[in-house]
Amino acid sequence: MTGALGRLRRLTPALVLVLVGLAVWQWYVTASAVRPQVLPSPLRVLTEGWAFRAQIWANALPTLQVTAVGFAVSLAVGWAIAVAVDFSPWLRRALTPLLVASQTLPIIAIAPLLIIWFGFGLAPKVVVIALVTFFPIAVGLIEGFGRTDRQATNLLRSMGASRWAQFRYVRLPGAMPSFFTALRIGITYAVTGAIFAEYVGASAGLGIFMNLQKNSFRTDLVLAAVLVTALISVSLYGLTFLVQRLVAPWSRRG
Amino acid sequence: MTGALGRLRRLTPALVLVLVGLAVWQWYVTASAVRPQVLPSPLRVLTEGWAFRAQIWANALPTLQVTAVGFAVSLAVGWAIAVAVDFSPWLRRALTPLLVASQTLPIIAIAPLLIIWFGFGLAPKVVVIALVTFFPIAVGLIEGFGRTDRQATNLLRSMGASRWAQFRYVRLPGAMPSFFTALRIGITYAVTGAIFAEYVGASAGLGIFMNLQKNSFRTDLVLAAVLVTALISVSLYGLTFLVQRLVAPWSRRG
Amino acid sequence: MAELKGAEHKLVIEGLRKAFGPLPVLDGVDFDVAPGEFVALVGPSGCGKSTLFDVVAGLEPPDAGRVLVDGADATGRVDPFAYMPQRDLLFPWRTVLDNTTLGLEVAGVPRKAARARAGELFEPFGLAGFEKARPGELSGGMRQRAALLRTVVQDRAVLLLDEPFGALDALTRIDMQLWLEGVRAGFGWTVLLITHDIREAVFLADRVLVLGPRPTSVRHETVVDLPRPRDVSMITQPRFAELEAEVLGQVGRGRAAGADSEH
Amino acid sequence: MAELKGAEHKLVIEGLRKAFGPLPVLDGVDFDVAPGEFVALVGPSGCGKSTLFDVVAGLEPPDAGRVLVDGADATGRVDPFAYMPQRDLLFPWRTVLDNTTLGLEVAGVPRKAARARAGELFEPFGLAGFEKARPGELSGGMRQRAALLRTVVQDRAVLLLDEPFGALDALTRIDMQLWLEGVRAGFGWTVLLITHDIREAVFLADRVLVLGPRPTSVRHETVVDLPRPRDVSMITQPRFAELEAEVLGQVGRGRAAGADSEH
Amino acid sequence: AAPGGGSAAASPSTVRIALDWTPNTNHTGLYVAQQEGWFAEAGLDVQILPYNQTSPDTLVSSGAAEFGVSFQNSFTFSKAAGADITSVMAVLQHWGSAIAVRADRADITSPADLDGKVYGGFGDPGEEPKMRAVIRNAGGRGEFSTVSLGTSAYEALYAGEVDFTEPFVAWEGIEAELRGEPLRTFAYADYGFPDAYGVVLIGNSPWLAAHPEQAAAFVRAAQRGYQLAADDPARAAQLLEEANPGAFSEPELVERSQAMLSERYLRDASGRVGTQTLEQWSGYSGFLVDAGVLTGPDGAPVTTRPDFSTWFTTQYLAQP
Ligand SMILES: Nc1ncnc2c1ncn2[C@@H]1O[C@H](COP(=O)(O)OP(=O)(O)OP(=O)(O)O)[C@@H](O)[C@H]1O
Ligand SMILES: Nc1ncnc2c1ncn2[C@@H]1O[C@H](COP(=O)(O)OP(=O)(O)OP(=O)(O)O)[C@@H](O)[C@H]1O
Ligand SMILES: [Mg+2]
Ligand SMILES: [Mg+2]
């Protein structure tokens, strides 16, 4: 099952399911004569999406860029918080409720503030993406660090390891499985976060494109953009497995 | 450090940080004379929120109800998927990309479909909350199941345990730490999800209240509702620790 | 012929081979065990003893060869065996008592009955008072005793014990050995025991098989012709010392011959 | 007086007490160790030996009593000790070689130098060829040897070894014992060794301390007056058998007296 | 065709109406009719659906609601795309929105000054052609950049992040005055741009055809409600607030908005409420066709003007 062929065969089940789903959808749309504004057929989504490929592509690029920058910031913030919290029980108790609270801010409510504070360059979008995605990463890391075996920590202490060395040699690698779980959750939200961020204020991007097409009652093009979003997200998700294989090969089961 | 006093003292750091933050905010608003529509002072948020407490409470109840139902559905779906995927590698490969893709649906784009399919009752809101929160739960569980020690599985197999018994006696309890991490992430999104769902269509709820007040330019009342949301979320988050203590006491470090 | 041979034996191991990737571990292991017999396996560290048990217990498929139980092919079957792995593998989410009842619960014994059955053994195993403790609160030797308890309480036809007494002090060990020696006959268990303690092997077993270094096979067989039931006084008998010396000599020979493959 | 006493001793253990919740484990443990001395500790399973090491190594605070090193209070200090815990605790995210260099890396030795130093020991420890393997690919005995390697390569003044040879076969064990006996003198290590093998205790140690059942304290001390360096032939000498019998008798006495507290 | 997708109303007398926004003064007539019992008198059980993210055009077209509150602007797009809806009554006779800049922007005294400036938009496909046309009509080149901001546009305007946007004069405009930061507005019609109905009531065409009596009863009751709003804005505002307890925390905003609508928007030139003309429909909707921004049901651009007289009807209004 190695090589490109093996990998392709592993994808068969997903493809089968998708194709069955699409067939049912196509059949339903044809049979029920539902209006394309309400539910366009998959074929129509594909052909119209293809016809508008230049425009979709032009809007996908800024979204990808914003996603990359935002998720990088999110990773940095998530790690910084998790490490800080791991080192200081005081900070842990101080920050945990605030982290949770940060997730409850309806972005719609704070969007005007973001615009006023950060303008509508990259900054407010990066803030939104970071806000949406840093939380699973921070929580995953914090709990990963916390799950370290006491006896393992003791072994390190017996070697005279400083708090930092204990962290580096045991807590950090021990948290990798948790981290990658969290990374997968976080990265999945990143692209949606970017699209949401574009509602806050942007001149281009898949979010802007969707909004415009929605207001033009072009549900087919909205769904085409959704499709592109999904493809990007699934690719990024797949990428995490690759990264995990490179960074922490021992953390995957055989 | 036991008892109510001890627990209160554990919260001191968070309270200190919050109070400092509020003081800075209050000072800034007073000093800069920023318009309350842009940024009301914390005092104003509190006093106005208190003045409107009856209304906020009346709107918090439906939100809580929707959150509870939605999150229950989300838990059921997350568990069902994770267990199914754990038992069938075929399903794992078929569903994983779809799960990820499901997270990339911008709800704004599918909201029209939800309303048309499910009407204006509880259903579309439950769907939105479940869509927003089942994913971390499913992923957390799937990875938790997958992290089971091979030798532990072997021990069970040597006892003649069926696939199901292996699951019940080893994979399931072994996944509890992962599950609770995921639960914490999921439940944090549940309330925000409910508020978001109310934008899709509702007649009452904190989301509706925020939207109304926003359209009446009452940023202070919007923030008062945000505050209530945050309190609910933090309480639910705290609750997960209690549940974990009851259900899986061994999974917390000492 | 194998079928014939199988009929008079509880267990027949035929030409088992197994490699992990490029590393050959089992190199054609053959032996057989009579019903109710106690066979000890000794061999150098890393030679493949635990791997052999994994294959016999049906947990790892062999690359070649087969396992017969009561004359029928049982390769890959788990039900005739109660297996005590080298790592104790007590689960942190169960109390010590519930860890020991695991095999019974899996076999469908009602929880209450299972607890009663396992609970009776806590006293002879020196674990009384720790029924409700978590595994993390036990000492190394106590963990090992709990793991052994979990294994024997399953009451299977064949016990596979991988260094069950490794972490026990001399006297606790003798206690446990005597306990095993005492109940085994009564239940008619057939026992395979991996040990590093040659004295233990001779004291408990009807036969001691010496395995060679990796890739391993059976190098030598010593029949222990001491009367049963055994008791501690036998250890001082000259015949005991003779047998011990014979086994030790065989282990040494096997090791010297295979020293190259270890390095 | 303690200070005076401490000055002539490498290590002084004074009245250590420790309880886990309601369970008293250490009940006033007192002994001292001369520089370069090899002391073996034997005692029933679950009596508190590992707990004693945890306290001495500075990992668990004692409820009472103190630990002196070179005459100075070292209670809670970790730096004089290299500790090999009972569980091997090899980390799955490091290769076997990198597991063994862990202590050196923590101490700031550059990675390359650390690898070279640990790598030299793979041959005498019978681990050559497994430098790049993951711990999961090792047998139980190989894991234990890797853990011992990780401990001794740290080159600390006092070694605390908790059953370092428990999972080794007789001959590999003798090899490792001889290796330890050989290098120890050269490095001037002071060694405390927990073991269940009384023969091993007598063979390696200058003194054997017998601990009583839980809550434990030192019950008896046997001075091993065999000449050094030791070699395998000594095991057959009558003095060796005498010493072995003395320790065994003391272990038995201690255990019988404390049997009630175990149950 | 039967109304697709959504569940049909329980009985012909049950009428559901979808809102475009949270309840506000554009909806007053509906709430007045409801509060005064005029719907009930007409034998109708009217449910005002909670505001949601779904466009009323889509809801009405799919049959999930019988009526909806929409705009001539969005109606044009959805109708062109094949929505099966008909405009049954104009609520605002003119554009409800206007170009707005901060009153303290001395550098912008005419839309012609907006060249090179930043527009805070709403992701509406008609807004850019409209702005371009107005600026050109005022003598400018019609070159500006757009940032899609949604409702954040107003905050961005006050903060100076954008230079102009398009608020509802009778809502955001009044709010700006109330908060002491007035806006300067430029009405599109003042620059020769076609006028349009700011707010319209729309109905599901098949339902209208099948239920002419209920349709007429509903529209007349609504028309009567808006008539009261035009005649007695204070009482109408009060009824609106009573119908939505807790929805309005700024009573002054509601009252002033209602007064402004009554004075300038609800009545046509002859003083009537609810009327629609082919001229006004062909004006703006025709402009959008000519601008080439509409697409048909098949996804192809609409290039020829449809028969706009089929888009609306006045047949359900009370006879003068
Ligand atoms: N973390 C802990 N919490 C509670 N009880 C503990 C803990 N650690 C050890 N104990 C208890 O302390 C006692 C002594 O344990 P310890 O591990 O020191 O024994 P030991 O002498 O090393 O035994 P063995 O030879 O079997 O390893 C045991 O009864 C054990 O249950
Ligand atoms: N899962 C595995 N993957 C790769 N190699 C393995 C695996 N399990 C065991 N081995 C290798 O197989 C050989 C035999 O291992 P095994 O555990 O059977 O030895 P053993 O005889 O039980 O040794 P010990 O007495 O030390 O427990 C070792 O060299 C080990 O490295
Ligand atoms: Mg083994
Ligand atoms: Mg111990």
Side-chain angles (χ1 to χ4, degrees), chain C residues 20-21 23 25 42-51 85-88 122-123 126-130 133 137-145 162-163 165-176 194-199 201 211 214 244 247-248 251-252 254-256 259 261-263, chain D residues 20-21 23 25 42-51 85-88 122-123 126-130 133 137-145 162-163 165-176 194-199 201 211 214 244 247-248 251-252 254-256 259 261-263:
Chain C
F20 288 108
L23 188 80
V25 175
V42 299
S45 172
C47 75
K49 300 181 295 296
S50 300
T51 306
Q86 196 167 3
R87 273 176 59 197
D88 54 50
F122 270 64
E123 184 85 34
L127 292 169
F130 288 89
E137 298 167 24
L138 297 191
S139 78
M142 292 160 86
R143 292 174 69 99
Q144 202 170 40
R145 282 177 271 160
D162 195 347
E163 296 190 43
F165 308 125
L168 300 182
D169 64 290
L171 287 166
T172 310
R173 177 183 282 228
I174 289 175
D175 272 0
M176 298 301 304
I194 293 176
T195 182
H196 286 130
D197 184 340
I198 292 170
R199 192 179 280 186
L211 298 179
R214 187 183 59 243
E244 208 182 332
V247 173
L248 191 62
V251 172
R255 207 173 74 99
S261 74
E262 175 90 19
H263 297 155
Chain D
F20 288 108
L23 188 79
V25 175
V42 299
S45 173
C47 74
K49 300 181 294 299
S50 300
T51 305
Q86 197 167 3
R87 272 176 61 197
D88 54 51
F122 270 65
E123 185 82 36
L127 292 169
F130 287 89
E137 298 166 24
L138 297 190
S139 78
M142 292 160 86
R143 292 175 68 99
Q144 202 170 38
R145 282 176 273 160
D162 195 347
E163 296 191 43
F165 308 125
L168 300 182
D169 63 291
L171 286 167
T172 309
R173 177 182 281 228
I174 289 174
D175 271 359
M176 299 301 304
I194 295 176
T195 181
H196 286 129
D197 184 341
I198 292 169
R199 191 178 280 184
L211 299 178
R214 187 183 60 241
E244 211 183 328
V247 174
L248 191 63
V251 171
R255 206 174 74 100
S261 75
E262 176 89 20
H263 298 154

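Because the structure is predicted, anything quoted here is derived from the model rather than measured. Just so it is clear: chains get the letters A, B, ... in the order the sequence lines come, proteins before strands, and each one is counted from 1.
In this structure, R199(C) and R199(D) have side chains that are in contact, with non-hydrogen atoms separated by less than 4.5 Å.
A donor-acceptor pair under 3.5 Å links the side-chain atoms of D169(C) to the main chain of S45(D), judged by distance alone.
Using a 4.5 Å cut-off between heavy atoms, L168(C) contacts chain D through both its backbone and its side chain.
How far CZ of R143(C) is from CD of Q86(D): 9.5 Å, rounded to the nearest 0.5 Å. Here the straight-line distance linking atom NE2 of H196(D) with atom OG1 of T172(C) works out to 7.0 Å at 0.5 Å rounding.
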